[in-house]
Amino acid sequence: MYCSQMIWFDTHAHIQDEDFREDFPEVLSRAASAGVTRVVMAASNEEDSRAACRLAVHHPMLYAAVGVHPHDAKTWGAGTAARLSDLVQTANRDALHAGRDRCVVACGEIGLDFHYDFSPREAQRDVFRKQLELAHALDLPVIIHMREATELSLSILREAHADGLFAREHPAGVIHCYSGSAETVPALLALGFMIGFDGPITFRKARKPIEALRVVPADRLVLETDAPYLTPHPHRGKRNEPSYIPLIGEKAAEILGESAEIIAARTTANALRLFRIGLSRELQNGNALNESKTV
Ligand code: NI
């Protein structure tokens, strides 16, 4: 159904979750068939970060993020930062041994969630700042989760920016599943962030994310599934998975009045830049693809 030359990148999925244990190889092969060449697994806590790293080491199309979600901020302890740092080093070393490039490409998802308040707000705030410092120490971009906490998130990010915690020569990170207003987008762009859009732009009643999508510059847009959550139309109600990225991309293309090819190429290039993944292997893969077609 999808042109094999369209190359997509799912910048946020939780396929290390239990929900994917039964059919993990099929999930990856369906993603590959849909043209999804890369998936970044966002982590929720320490154990989840380990699970993401374990998978990423052995699967060249997978990358891991490490971090503690605001829901799990209460699990943060004195040794957490040091253990996450060790994990990054070990996983990257194992990846090199396994013959691939480094596999940990971000710190996340981190931030504030005042919708559910699963962890005390004071702890969320404290753990958010600590992980912005950790990401700086590890020289990694950040994946930001912010829900009903835009003002405070912005002020924490502004402070981190002023303190020099974000790399100047690279994107600072990504605002995951952007649910804020179009008016807030410029402030996030100014801090060096890319903006991620997910299944909700395909929902019938979507208005806010579509308005926000329209004001994001071409070089700051990335696409994510957030699988197993936020399943795009027409699969709502079912488990989400990375192979559905083209559905989100095609909808984004329609909203922006562009072709799906342009959106695929643009968002993939943005994601590679965001996570500082070299382009050389991407090109090699492209050549391999062309060669195999002519055989
Ligand atoms: Ni997520």
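First listed ligand is number 1; within each ligand, the first listed atom is number 1.
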Who pairs with F193 by ring-ring contact (aromatic ring centres under 6.0 Å, His included), at least two apart in sequence or on another chain?
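Applying ring-ring contact (aromatic ring centres under 6.0 Å, His included) to F193 gives F166.
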
Under the ring-ring contact (aromatic ring centres under 6.0 Å, His included) test, which residues partner F114, sequence neighbours left out?
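Listed in chain order: nothing, the list is empty.
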
Candidate list D17, D23, D226, D19, test salt bridge (Lys or Arg N to Asp or Glu O under 4.0 Å), partner R239, passing option
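Passing option: D23.
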
Results of side-chain contact (heavy atoms from CB on, under 4.5 Å) for P217 - residues two or more places apart only
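side-chain contact (heavy atoms from CB on, under 4.5 Å) check on P217 returns L189, D219, R220.
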
Lys/Arg N to Asp/Glu carboxylate O, E26 vs R30, below 4.0 Å
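Result for this pair is no, no salt bridge flagged.
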
Should I262 and L272 be regarded as members of a common hydrophobic cluster, given that ILVMFWY residues are connected when their side-chain heavy atoms come within less than 4.5 Å of each other, either directly or indirectly?
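Unlinked, I262 and L272 end up in two clusters.
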
Sum of protein N, O or S atoms, each under 2.8 Å from the Ni ion (ligand 1):
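N, O or S atoms of the protein closer than 2.8 Å: 4.
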
